[in-house]
Amino acid sequence: MSSDIDNIFDKAAKGKSLIKNDQALKIDYVPEKLPFREQEEKTLAQVLSTTFRSARPSNLFLFGEPGTGKTAVVRKVVEKLEKKAKELKTNVKVVNVNAKGASTAYKVLYEIAEYIGLNQEDKTKRVPFTGLSIGEATSRILQFIQKKELSVILVIDEIDSLVDKSGDDILYSFTRANQQMIEGGFIALIGISNSLDFKDKLDPRVRSSLSEEEMVFKPYTIDQLREILHERSKIAFNHGAISEGAVNLCSAMAGREHGDARKAITLLRVAAELAERENAVKVDEKHVRAAQEKIEKNAPYDVLKDAPTHMKLVVLAIAKTKDPYTGDVYDTYTSLCRHLEQEPLTQRRVTQMISRLDLLGIVATDVVSQGRYGRSQKIRIKIPLATVKEALKEDFASLID
DNA sequence: ACTCCACAGGAATAACCGGGCG
DNA sequence: CGCCCGGTTATTCCTGTGGAGT
């Protein structure tokens, strides 16, 4: 046991660990070179270059499946732009918001205010953490931009979740603001979206002004993924610390659905962590497989573990009901509630939770019509029962058999 | 061809919370 | 302090519907 520990220390001391640069395997790492995206980089840079002529660049709209390099391309180009802007001492501000991370529209506005320096600058017209109406916050931001004659590049990642949450009003006011701010500053919007049909959800006016310029990111092919991983492992790993087979397997696994580079790299990272932990000399296929398993198992476990009580009860009810349809599940759920002396929620709420669980990937639902016997949802649990038990045993030890 | 089950899932509304504002 | 604002959870009420049984 203690020799293991010694081993770890020895290895670390000798600098013999597998990983040379762990940053390079993080999801938000942007490498110097983005293979197969040179064209996109160029186009983006072209569009944004008008900033230096003090003109507003076209709004830009990027889509593509997750892990196709949208965010990476934008980050890279925008970083360079910022650097250049600093050299030239222009008033360019780049704002990066991830709409998914910021849980509400208001938080998005708050972050924008932080980034452009409004909140440091002006005490009476700042955008506080909460308390203002959306409209007031928006207009304070716009006024500040105009007053300071800022050139703002506003990057909104996962823009679809912003619109889902609070509609396109904000986007509308931003795009419209541009038409009014002929003098002074401007906002150029860069929207990034994973879903291709997102545009249909928008108000036509917003749609046309948001996508003055569009770019579609195609999924990577398996060969391309391999190349990407190859490049990345050169940065991340010490020489010989990763086998060819591991790289190939990662790319194959990540490419199975659609070429998702993020998934491929996460896979590689977790595999490397596992390999390090067991003191292996190099990362190979076995670790990749283990990593895959770990990733699949862990995500739902975490969600479930700190879900609200009734959500857990619903999951438990689904697990306990055999051949679960909504009605049966609701029955078991109410009896579970009685058992725990909890007031049961309405069926409406429970169906909402089930569709939420569907979204989270914990269950799968199918609307099935059984003719005479009505129309209902057939529910399947997508994660292993053991995981469910593990996640819920703290709360309902007595109910789990 | 018609009926009618057993729900799905939208809309309106209420209750509550956290947090700034005057 | 009470008030406003937006978010989230939950309820109530509702309209819509695929297809087995008749």
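First the proteins, then the strands, lettered A, B, ... as listed; each starts at 1. No experiment lies behind these values; they were computed from the predicted model shown.
Rounded to a whole Å, the OH atom of Y330(A) is 11 Å from the C1' atom of dA10(C). The distance between atom CG of L357(A) and atom P of dG9(B), rounded to the nearest whole Å, is 14 Å. Between the CG atom of L109(A) and the C1' atom of dC5(C) there is a distance of 13 Å, rounded to whole Å. Rounded to an integer number of Å, the gap from Q377(A) CD to dA8(B) C1' is 7 Å. Atom CD1 of I354(A) is separated from atom C1' of dA10(C) by 15 Å (rounded to the nearest Å). Distance, R140(A) CZ to dC5(C) P: 13 Å, rounded to whole Å. The nearest whole Å value for the distance from the CG atom in D358(A) to the P atom in dA8(B) is 12 Å. Summarising the geometry, the separation between CD on Q342(A) and P on dA10(C) is reported as 11 Å, rounded to the nearest angstrom.
Taken from CG in L44(A) to CG in L62(A), the straight-line distance is 6.5 Å, to the nearest 0.5 Å.
Nucleotides of DNA chain B nearest to Q352(A) and T326(A) differ in position, and the one nearer the 5' end is that of T326(A).
With hydrogens and angles disregarded, no donor-acceptor distance shorter than 3.5 Å links the side chain of S151(A) to the backbone of F186(A). Checked by atom type and distance alone, the side chain of N91(A) pairs as donor or acceptor with a backbone atom of K148(A) at under 3.5 Å.
Residue T346(A) places at least one side-chain N or O closer than 4.0 Å to OP1 or OP2 of dT11(C).
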**Q.** Per-nucleotide protein contact string for nucleotides 13-22 of chain C (B base, S sugar-phosphate only, - none; heavy atom under 4.0 Å)
**A.** B--BBBBBS-
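With respect to the salt-bridge test (charged N to carboxylate O, under 4.0 angstrom), the residues D366(A) and K378(A) do not qualify. Between E390(A) and K393(A) there is a salt bridge, since a side-chain N of the basic residue sits under 4.0 Å from a carboxylate O of the acidic one. Contact check on K76(A) versus E79(A) returns no salt bridge, with no Lys/Arg side-chain nitrogen under 4.0 Å from an Asp/Glu carboxylate oxygen.
Residue-level contact check: E136(A) touches neither bases nor backbone, having no heavy atom under 4.0 Å from any strand. Looking at heavy-atom distances under 4.0 Å, M311(A) makes no contact with the nucleic acid at all.
Checked against side-chain contact (heavy atoms from CB on, under 4.5 Å), R75(A) has the following partners two or more places apart in sequence or in another chain: D28(A), V30(A), T71(A).
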